[in-house]
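Note sheet for the following structure.
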Number of protein chains: 2
Amino acid sequence: MTDAFHDAGPRRDSSSVTLQDIAAHAGVSRSTVSLVLRESPLVAERTRERVRHSIKALGYVYNRGAAALRASRTSTLGVVVYDIANPFFGAMVAGIDAALNREGYVSFLANSEDSPDRQQRFLERMREHRVDGILLCPAQGTDPSLIETLQHWNLPCVQVLRHVGSLPFDYAGTDFRLGVSLAIDHLVEQGHRRIAFIGGHAEHSATQERWQGYREVLAQHGLDYQRLLRSTVTRRDGFEAIRHLLKEHPAPTAVVCHNDMVAFGAMLGLQRLGLTPGQDCAVIGTDDVEEAALSAPALTSIATHPYAIGQEAARLALRRIKNPNGAREQVVLSPQLRVRESCGASAHCGEVLLPVS
Amino acid sequence: MTDAFHDAGPRRDSSSVTLQDIAAHAGVSRSTVSLVLRESPLVAERTRERVRHSIKALGYVYNRGAAALRASRTSTLGVVVYDIANPFFGAMVAGIDAALNREGYVSFLANSEDSPDRQQRFLERMREHRVDGILLCPAQGTDPSLIETLQHWNLPCVQVLRHVGSLPFDYAGTDFRLGVSLAIDHLVEQGHRRIAFIGGHAEHSATQERWQGYREVLAQHGLDYQRLLRSTVTRRDGFEAIRHLLKEHPAPTAVVCHNDMVAFGAMLGLQRLGLTPGQDCAVIGTDDVEEAALSAPALTSIATHPYAIGQEAARLALRRIKNPNGAREQVVLSPQLRVRESCGASAHCGEVLLPVS
DNA sequence: ATGCGTTTTTGGATTGATCTAAATCTAGAA
DNA sequence: TTCTAGATTTAGATCAATCCAAAAACGCAT
């Protein structure tokens with residue numbers, strides 16, 4: 001069929017230089033070259049120089065696969081998110097990438113599309129590739145026993161943003177409860193008494209934390225109006241939810257949303273009803289994605305710092321790999337409230353609202 | 001320092017089962033087990049069953065690292081993008097992921113942050129990991145010789161979206177020239193005669209194609225107004241560009257933007273000047289990100305289908321890996337114009353404008 | 001020159017798979 | 001029963017590194 005000779009191409013692949021070749025060139029043994037490559041202090045300075053020279057001269061390329069086989073460490077991590085097209089996860093992955101890069105690690109990325117099956121298949125593949133650890137944003141409906149399974153596999157796993165299974169486990173995320181509390185405190189201060197919450201499904205820890213925060217903080221303020229709309233978390237959901245809510249009696253005067261997408265939908269819904277977000281009804285989102293500052297009106301949002309979460313999660317994973325039996329850690333960052341027009345803050349001029357990025 | 005005994009933990013790692021163990025359990029040789037794993041037709045059905053049974057019984061985990069060492073194929077790809085936080089690339093990566101998954105491939109992802117140095121470091125690491133190929137969105141300022149270098153490294157590389165170096169090379173992207181042409185044709189049809197273009201830097205192929213399209217199509221329509229503003233491609237740039245343009249005499253009546261971010265900025269700029277996008281000045285973006293349909297007013301945009309581009313790029317890479325010396329291919333998808341309010345289309349009711357996702 | 005304690009260096013085994021070519025086992029024909 | 005072509009199976013080498021324990025080289029005092 002195909003011409004094997006041509007297909008193979010010239011096999012003068014420079015990457016076929018091995019430790020053996022360098023050893024011969026430098027007049028030392030394979031072992032010594034290996035030590036030089038790993039920066040061992042055992043090797044004498046003169047020898048080290050000579051070997052380094054040979055490595056350059058022959059254009060040697062380190063074979064991590066071979067090294068991993070013997071040393072059983074691959075400098076490799078698996079990362080599973082459920083929606084890479086979401087800018088929040090984009091920023092998070094950027095944070096992970098930056099933190100890993102610094103340590104010479106490299107990561108496999110998979111997009112589970114919130115399917116436990118896809119997630120499972122990927123994790124199995126990661127095991128076959130002998131990754132040193134996993135960063136996992138569990139897909140919706142993930143069986144809690146997955147975390148145990150990974151443990152049996154001897155695969156360190158840091159959960160990110162959401163968590164399943166029971167403590168103790170490694171986790172990096174944000175304090176959703178605090179976020180909701182900041183938002184409600186602010187709204188109450190502004191005189192709001194009927195505050196609704198839109199979005200989320202009870203299965204996630206991330207949703208439960210928000211809802212719990214919502215209920216507790218209302219109680220703290222002694223407010224008895226409570227309205228919690230569960231839904232998926234797209235713009236459409238926000239759009240429909242707000243229309244629904246405003247038909248009720250009494251209607252809320254403010255809504256806190258599961259994420260910024262829902263909040264954008266809610267604002268659009270208000271506008272289609274001829275109402276002005278921030279005046280007729282306050283809207284607060286969660287995440288503070290880039291768009292939040294730039295919508296019209298600008299969206300007040302609970303900033304959850306995805307880049308920082310990614311960094312923390314990656315660092316925690318590296319710590320766990322170094323020390324597999326150390327105490328499990330939960331790194332929970334504090335969100336911040338970014339007050340803008342959508343909850344009644346006065347409109348600023350455009351320049352102030354435009355971030356540099 | 002640390003307690004080595006505890007740190008190491010119980011080493012009854014189930015993944016230490018090897019071909020050897022299965023061979024013993026099933027009463028065959030290592031080679032036979034290997035053949036079964038690779039679905040070779042050489043093995044007799046009865047034997048195959050027996051081996052399969054042993055594999056399950058012992059909880060064997062395939063070691064791809066070891067296999068790769070011998071077979072010199074890793075089923076692994078390196079993916080380099082320059083801004084993973086950009087939703088466009090998020091969608092593209094999702095497309096890549098889906099296409100690779102189907103073939104049992106898995107991908108390393110790196111975010112070059114548009115830095116040739118970071119990009120270079122990552123590519124070198126990929127070489128050490130012996131990836132079978134690379135998907136590269138070249139960072140701004142990438143030396144064109146990089147493509148040759150990769151060829152010397154014997155590393156198949158598909159460029160995506162942007163390209164450097166000279167033909168022939170493998171490439172997957174969109175027809176930016178056609179996109180601009182669709183936009184301008186539409187604007188001209190609507191009666192516009194002064195159409196500006198905002199954004200881009202001459203270094204990229206992707207920008208050059210847009211600009212060339214802009215100039216050529218204006219010429220085709222016999223228009224002599226031509227105004228091309230180079231800039232980076234953020235909202236801020238769009239915001240500032242439109243303010244600048246509207247001070248000129250004559251001012252443009254329509255602008256086509258390098259991407260949707262710039263277009264959003266331009267719309268915001270118009271609004272801050274008290275003008276209405278689509279009425280006082282038409283605005284068209286590029287990419288058709290999810291937000292485009294949902295902004296107020298909804299943004300007309302040239303849809304570039306990032307998910308499809310990702311899929312095509314991944315498939316092309318797999319083809320090239322199978323046949324390294326085959327003819328180089330350029331897969332160029334056709335964009336489509338999504339007409340919405342920002343270029344004067346009448347406003348629809350909210351429901352119609354809300355996509356399901 | 002000899003002995004002794006460090007430094008350095010090294011050979012051989014090991015990691016877990018694949019590849020090759022040769023060894024077996026069939027079943028049907030002579 | 002023997003032979004043979006085709007179907008199965010296998011031993012041993014190999015891929016490119018690391019690990020380990022032992023060997024060699026070295027400096028210095030005796």
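Chain identifiers are assigned alphabetically (A, B, ...) following the order of the sequence lines, protein sequences preceding nucleic acid strands; residue numbering begins at 1 within each chain. Values below: all heavy atoms of this structure, side chains included; hydrogens, waters and symmetry mates excluded.
In this entry the distance linking CZ of Arg46(A) with P of dT8(C) reads 12 Å, nearest Å. Separating the CG atom of Leu69(A) from the C1' atom of dT18(C) is a distance of 12 Å, rounded to the nearest angstrom. Between Asn63(A) atom CG and dT18(D) atom C1' there is a gap of 12 Å when expressed in whole angstrom units. The separation between Tyr62(A) atom OH and dA17(D) atom P is 8 Å, rounded to whole Å. With rounding to whole Å, Ile55(B) atom CD1 is found 10 Å from dA17(C) atom P. Across the protein-nucleic acid pair, Tyr60(A) atom OH and dA16(D) atom P stand 10 Å apart, rounded to whole Å. For Leu37(B) and dG16(C), the CG to P distance is 14 Å, given to the nearest whole Å. At whole-Å resolution of the value, CD in Glu128(A) and C1' in dG16(C) are 14 Å apart.
Considering every non-hydrogen atom in both Asn111(B) and Asp97(A), the closest pair reads N-OD2, 3.4 Å.
In this structure, His129(B) and Phe108(B) have tilted ring planes: the angle between them lies in the 30° to 60° band. By the 30° and 60° cut-offs, the orientation of the rings of Tyr82(A) relative to Phe89(A) is perpendicular.
A sub-4.0 Å separation between OP1 or OP2 of dC19(D) and a side-chain N or O of Arg38(A) is present.
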What are the atom names and distances for every N/O pair under 3.5 Å that joins the protein to nucleotides 7-14 of chain D?
unit_1  : atom_1 : unit_2   : atom_2 : d
dT9(D)  : OP1    : Thr47(B) : OG1    : 2.4
dT9(D)  : OP2    : Ala44(B) : N      : 3.1
dT10(D) : OP2    : Ser29(B) : N      : 2.8
dT10(D) : OP2    : Ser29(B) : OG     : 3.3
dT10(D) : OP2    : Thr32(B) : OG1    : 2.7
dA11(D) : N7     : Ser31(B) : OG     : 3.4
dA11(D) : N6     : Ser31(B) : OG     : 2.8
dG12(D) : O6     : Arg30(B) : NH2    : 3.4
dA13(D) : N6     : Arg30(B) : NH2    : 3.1
dT14(D) : O2     : Arg70(B) : NE     : 3.4
dT14(D) : O2     : Arg70(B) : NH1    : 3.2

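Salt bridge status for Arg52(B) with Glu39(B): present, with a side-chain N to carboxylate O gap under 4.0 Å.
Taking only side-chain atoms of Leu19(B), from C-beta outward, the nucleotide of dT18(C), dT18(D), dG16(C) with the closest atom is dT18(C).
Leu123(B) pairs with exactly one of Thr149(B), Leu155(B), Val80(B) by the side chain to side chain contact (heavy atoms under 4.5 Å, CB included) rule, that one being Val80(B).
Here Tyr62(B) contributes atom OH and Arg38(B) contributes atom CZ; the two are 7.0 Å apart, rounded to the nearest 0.5 Å.
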